[in-house]
Amino acid sequence: MGGGLGGAGTIARRPRHFVTAAIDLALLAGAELVSVTVAHLHAYSAFEGAMVLNQTETERAQEEANIAAQRLVDSVTSIATAKGVRRAEAIVVKSNQVGEAIIATAKNEQCDVIVMASHGRRGFARLLMGSETLHVLTHSHTPVLVLR
């Protein structure tokens, strides 16, 4: 891809200001935009609290997650194209290792920078839930721009 800008995130909805900022950055730099989201893989017959999901329910949940993820990245690329980004690509990666999936995609697409939104969790919540943004920041060889 060369000269590309990777806008990465998880399946959670991206804040509108993040999408706008990533697109504006691509326009300002004359860069291409790769919109990436990671759809978590669901285990078959997963134990969810006090309920066991059968294979059909699990497959349906996975398909719904995949469709939602594709809609998300497609909407970002549609907005980017409408605003004049020279090339916008939508990629859904299916993985349970969000940070690693983002890093690998940025490398495969030869992105010059990864742009990520941060949830801004602090303290105990961050400790419990982890931070995919922090993982990408500390493990990626591609520069990372974090927006809040």
Quiz item: CD of E132 to CD1 of I103: how many Å apart, nearest 0.5 Å?
Solution: 9.5 Å
Exercise. Rounded to the nearest 0.5 Å, what's the gap from OG1 on T20 to CG on L27? Could you check?
Key: 11.0 Å
Exercise. Could you walk me through whether L145 and I114 pass side-chain contact (heavy atoms from CB on, under 4.5 Å), step by step?
Key: CA-CA 6 Å; L145 174 63; I114 298 170; over 6 Å; no
Practice problem: Given side-chain contact (heavy atoms from CB on, under 4.5 Å), test V144 with V113 step by step and report yes or no. | Solution: CA-CA 6 Å; V144 181; V113 65; over 6 Å; no
Taking all heavy atoms of [X] and all of [Y], pick out the closest pair and write down the distance.
X    : Y    : answer
A65  : A39  : O-CB, 4.4 Å
F18  : L147 : CD1-CD1, 3.5 Å
S95  : V38  : O-CG1, 3.5 Å
T77  : S35  : CG2-CB, 4.1 Å
I102 : M116 : CD1-CE, 3.8 Å
A80  : I23  : N-CD1, 3.7 Å

Practice problem: Return yes if a side-chain donor-acceptor contact under 3.5 Å exists between E100 and H135, otherwise no. | Solution: yes
Self-check item: Side chains of N66 and Q70, donor plus acceptor under 3.5 Å
Solution: no
Practice problem: Decide side-chain contact (heavy atoms from CB on, under 4.5 Å) for E32 and V85; before the verdict, give the C-alpha distance in whole Å, the side-chain angles of both, and the deciding distance to 0.1 Å. | Solution: CA-CA 7 Å; E32 300 171 2; V85 172; 5.7 Å; no
Quiz item: Would you find a donor on one side and an acceptor on the other, under 3.5 Å apart, between the side chain of N96 and the backbone of H40?
Solution: no
Quiz item: Where the side chain of R86 meets the backbone of G30, is there a donor-acceptor pair that is under 3.5 Å apart?
Solution: yes
Contact between [X] and [Y] at the side-chain level, heavy atoms closer than 4.5 Å - yes or no?
X    : Y    : result
I67  : E63  : yes
R60  : Q62  : no
V34  : C111 : yes
L33  : V76  : yes
L137 : V146 : yes

Exercise. Output every pair passing salt bridge (Lys or Arg N to Asp or Glu O under 4.0 Å) with a member in residues 70-84, not counting sequence neighbours, ordered by first then second residue.
Key: D24-K83
Practice problem: Kindly indicate, with the supporting measurements, whether the criterion side-chain contact (heavy atoms from CB on, under 4.5 Å) is fulfilled by E57 and E59. | Solution: CA-CA 5 Å; E57 292 168 330; E59 288 173 353; over 6 Å; no
